[in-house]
Novice: 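I have a structure I would like to understand better, so I am pasting it below and will then ask my questions one at a time.
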Amino acid sequence: MNQIKSFFVGCTLLGMFVSSLAKGQDQQEPDRGEIRDTEFIIRKDRVLSLPRKSRVFEKSPVLPPVAATTNYNYQVKDFFVPLEPVVLETQAFQKPLPLPEYDQTLGRAKLGFGNYSSPLLQLDIHNLPDPEKSYGLHLKHQGFYTGPVDGENSAEDHTEVGLSGSLYKDFVEIYGNLDFQRDMYHFYGYTPDPEITIPSDSIKQVFNTLKTRVGIKRIDRSEPFDYGASLSLRLFNDRYDARETETLVKVRALFRANENLKGGITSLLAFTSPTDVNYEAINRNYFKLHPYATYIKDGIHVKIGANVIHENDIVPNKLKEFYVFPSVSLSYHLVPAFGIYAGYEGDVKRNTYFDFVRENPFLGPSEQLRNTVQNFQVDAGISGKANDEANYKAGLRYGDFTNMHFYGNNVADSTRFQLIYDNNTRVLEYHAALDYKFDLYYQLQATAHYYQYTLDEISTAWHRPEWKLQLNNTFTPNEQWTLHANLNAMGGIQAINLATDRQRKLDPILDLHLSVDYAFTNKFSAFIQGSNLLNQSYERFNYYPVRAIQVLGGIGFKF
């Protein structure tokens, strides 16, 4: 019971204590936001005063300048050190770029052999690329020791030896060469007789030619002023009585005023002295001066000049020794694919005995050597370039000539030829040309000519073709193969035997030539070539049939 009483008493005291705490909190912390009664008192007699602060109105006095009484002297001394100045030599760095191995060769050689006992030996040697000099050696021999008529009596061979070199000095190149040629033929224009033996040596003809030349020319041809000069000497003789010496001096100068206008002058001075059965040591002098000016702009190309010539040939129909001929050419291309051109020119074509035998190696003694006077020649036509692949040209020429030369079988020996001159010859020529190139794989070059002659003293243009056609094809399917297919054709050739006065028309010429080269490596190759593959026994000159099908093969290598 006592415990229960004690419990009730404690609870009563605890409740009283909690109640007193609650009342105290209510009095100390009124509720927030409650507006209580407050009393404000405003008094007007109150004055806010601050103590007085003294002010300064006077400026600070300027201090008097300080007079300098001390002089300052500085003494500078030069100190010379006996040392050499440092010299820095600079040089542009050149990166070594070696040439490909296949280009670094000293030369090349070819060896071959074919029917008609025809060996081929060729050697070309040259120095490696050098910015200061270049030189080379050329050797070649090709023989045909049997021929189409009477075995070795129609044989021929050709030998060439040449030396060349150049020195490069600043802006000019000094060059020179020395060449020797030996050409052997036979006068086989006869009908073989089994009962008659003709010694081969009795009808042999040998031409020996020694040529040398020295000259100078500007290396950079694009400069405003360009020039060049050369001096040449040629010694020529045959196995009989023909001899000829020649000295040539050539000088040229060119000045470019701008990209459209340029002018220049070329000159040729020739001293020739031929000797033969009918004449001895004749002095044939020839001088030609050709000044000109060229203007090119917007598809227009104009060239105006003159040919001033003096020559001292003494011929029966000669009227003067001094000639002045105009030389004018004009072309205009509306577009690159089509244009027109025209030209007019007079000239004197210089002819030598050497020129004649290069054209007809079966030439014998002639009465006289004459230059051909081109009184005038007019040339007009169309030309153009299509798709940067094909170039074409077609037109006609008409000219008037004095002393044009022709050939006839000699009066004394029909196996040889002699020169025939016409006093006045007019030639009308139709011509066309095409050059086509397809990338690096194929190239075509084609030309065609048709001639009509109007003669004065002779009846026919003896041994001159009425028409000519040339087709040259080159195929390069890859770096190893190179193929050539060429066709040479001409016809309408009239021949005359002056001993019998017999005339005949020669059969048309159709010569097909094929050659194939195959490179096994960069330095070793093989080749095979064939001539007259249509097996025609045609005659370019009367009584002189050519060899039938001929095949020659061999190898080539670089070293």
Side-chain angles (χ1 to χ4, degrees), residues 92-116 118-144 157-168 173 175-181 219-221 388-391 435-446 470-487 512-531 533 550-559:
F93 175 73
Q94 295 182 354
K95 184 178 180 179
L97 297 173
L99 293 174
E101 182 180 355
Y102 58 85
D103 283 339
Q104 295 182 347
T105 59
L106 290 173
R108 62 178 182 176
K110 293 179 71 174
L111 300 173
F113 191 82
N115 59 333
Y116 290 101
S118 53
L120 171 64
L121 299 93
Q122 182 173 343
L123 175 65
D124 292 282
I125 301 175
H126 51 82
N127 66 316
L128 295 177
D130 190 322
E132 297 182 354
K133 62 182 179 298
S134 65
Y135 53 86
L137 169 66
H138 170 71
L139 301 173
K140 182 179 180 180
H141 176 79
Q142 185 170 16
F144 306 90
D157 67 55
H158 309 277
T159 302
E160 302 173 3
V161 180
L163 294 171
S164 62
S166 295
L167 293 176
Y168 306 101
E173 175 187 354
Y175 61 91
N177 61 274
L178 177 65
D179 300 297
F180 174 76
Q181 296 178 354
I219 296 177
D220 189 356
R221 305 291 297 274
D388 294 330
E389 294 179 350
N391 296 284
D435 186 354
Y436 175 76
K437 186 175 183 180
F438 178 72
D439 204 2
L440 300 176
Y441 305 110
Y442 174 70
Q443 183 173 3
L444 167 67
Q445 293 178 330
Q470 290 183 325
L471 296 174
N472 299 326
N473 299 272
T474 302
F475 304 89
T476 52
N478 53 46
E479 296 181 354
Q480 292 179 301
W481 291 94
T482 303
L483 298 88
H484 299 276
N486 303 328
L487 177 66
L512 177 63
H513 175 89
L514 297 176
S515 68
V516 179
D517 291 82
Y518 179 77
F520 296 97
T521 66
N522 292 331
K523 295 186 177 181
F524 181 72
S525 62
F527 67 91
I528 185 171
Q529 60 187 32
S531 302
L533 294 180
Q550 182 179 355
V551 179
L552 185 146
I555 59 173
F557 54 91
K558 299 178 181 180
F559 55 90

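Note that this is a predicted model, so its numbers are computed, not measured.
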Novice: Where is the tightest heavy-atom contact between V516 and W481, given as atom of each residue plus distance?
Specialist: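 Taking every non-hydrogen atom into account, CG1-CZ3, 3.5 Å.
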
Novice: Measuring only between side-chain heavy atoms, which start at C-beta, is S531 closer than 4.5 Å to L552?
Specialist: no

Novice: Just to verify, what does F524 make a ring pair (Phe, Tyr, Trp, His ring centres under 6.0 Å) with, not counting sequence neighbours?
Specialist: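 Ring pair (Phe, Tyr, Trp, His ring centres under 6.0 Å) list for F524, sorted by chain: F520.
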
Novice: If you look at every heavy atom in K133 and N127, which pair is closest and at what distance?
Specialist: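 Smallest heavy-atom distance, with atoms named: O-ND2, 3.3 Å.
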
Novice: With sequence neighbours left out, what residues match Y442 under side-chain contact (heavy atoms from CB on, under 4.5 Å)?
Specialist: Y436, F438, L444, N473, F475

Novice: Without swapping roles, check the side chain of T476 against the backbone of L440 for a donor-acceptor pair under 3.5 Å.
Specialist: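 A pair under 3.5 Å: yes.
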
Novice: Quick check for you: to the nearest 0.5 Å, what is the distance between R108 atom CZ and H126 atom NE2?
Specialist: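 Atom-to-atom, R108:CZ and H126:NE2 are 7.5 Å apart.
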
Novice: For L471 and A446, work out which heavy atoms get closest and say how close.
Specialist: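 Looking at all heavy atoms of both residues, the shortest contact is CD2-CB, 3.4 Å.
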
Novice: Looking at V551, is its backbone amide N or carbonyl O close enough to the side chain of N115 to form a donor-acceptor pair, meaning the two atoms are under 3.5 Å apart?
Specialist: yes

Novice: For E173 and S166, does a side-chain donor sit closer than 3.5 Å to a side-chain acceptor?
Specialist: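 Judged by distance alone, the side chains do pair up.
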
Novice: How many angstroms lie between OG1 in T474 and CD in Q445, if you round to the nearest 0.5 Å?
Specialist: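 With rounding to 0.5 Å, OG1 (T474) is 7.0 Å from CD (Q445).
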
Novice: Once you round to the nearest 0.5 Å, how far does NZ of K110 lie from CD1 of I555?
Specialist: 11.5 Å

Novice: Report the distance from atom OH of Y518 to atom OG of S525, rounding to the nearest 0.5 Å.
Specialist: 11.0 Å

Novice: Please report the shortest heavy-atom distance between G162 and D179, naming the atom on each side.
Specialist: CA-OD1, 3.3 Å

Novice: Shortest non-hydrogen contact from A109 to L123?
Specialist: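 So the two residues come closest at CB-CD1, 4.2 Å.
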
Novice: Which pair of non-hydrogen atoms, one from D130 and one from E132, has the smallest distance, and what is that distance?
Specialist: OD1-N, 2.9 Å

Novice: Scan Q181, H138, K140 and name whichever one has a side chain to side chain donor-acceptor pair (under 3.5 Å) with E160.
Specialist: H138

Novice: Do D439 side-chain atoms and Y441 backbone N/O form a donor-acceptor pair below 3.5 Å?
Specialist: no

Novice: When rounded to the nearest 0.5 angstrom, what is the spacing between NE2 in H484 and CG in N472?
Specialist: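 That separation rounds to 9.5 Å.
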
Novice: When you look at Q470 and N486, which way does the side chain to side chain contact (heavy atoms under 4.5 Å, CB included) test go after all the steps?
Specialist: CA-CA 7 Å; Q470 290 183 325; N486 303 328; over 6 Å; no

Novice: Can you list the residues that meet the salt bridge (charged side-chain N to carboxylate O under 4.0 Å, His left out) rule with D388, with sequence neighbours excluded?
Specialist: none

Novice: Could you tell me whether the side chains of Q122 and D124 share a donor-acceptor contact shorter than 3.5 Å?
Specialist: yes

Novice: Please round to the nearest 0.5 Å and tell me the distance separating atom CD1 of I125 and atom CZ of F559.
Specialist: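 Answer rounded to 0.5 Å: 4.5 Å.
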
Novice: Any heavy-atom pair between the side chains of L111 and L121 that's under 4.5 Å?
Specialist: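 Yes, close enough: below the 4.5 Å cut-off.
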
Novice: Please check if any side-chain donor atom of S134 sits under 3.5 Å from a side-chain acceptor atom of Y168, or the reverse.
Specialist: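 Yes, because at least one side-chain N or O of S134 sits under 3.5 Å from a partner of the opposite role on Y168.
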
Novice: A side-chain contact here means heavy atoms from C-beta on lying under 4.5 Å apart; do D157 and H141 qualify?
Specialist: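 Answer yes - side chains close enough.
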
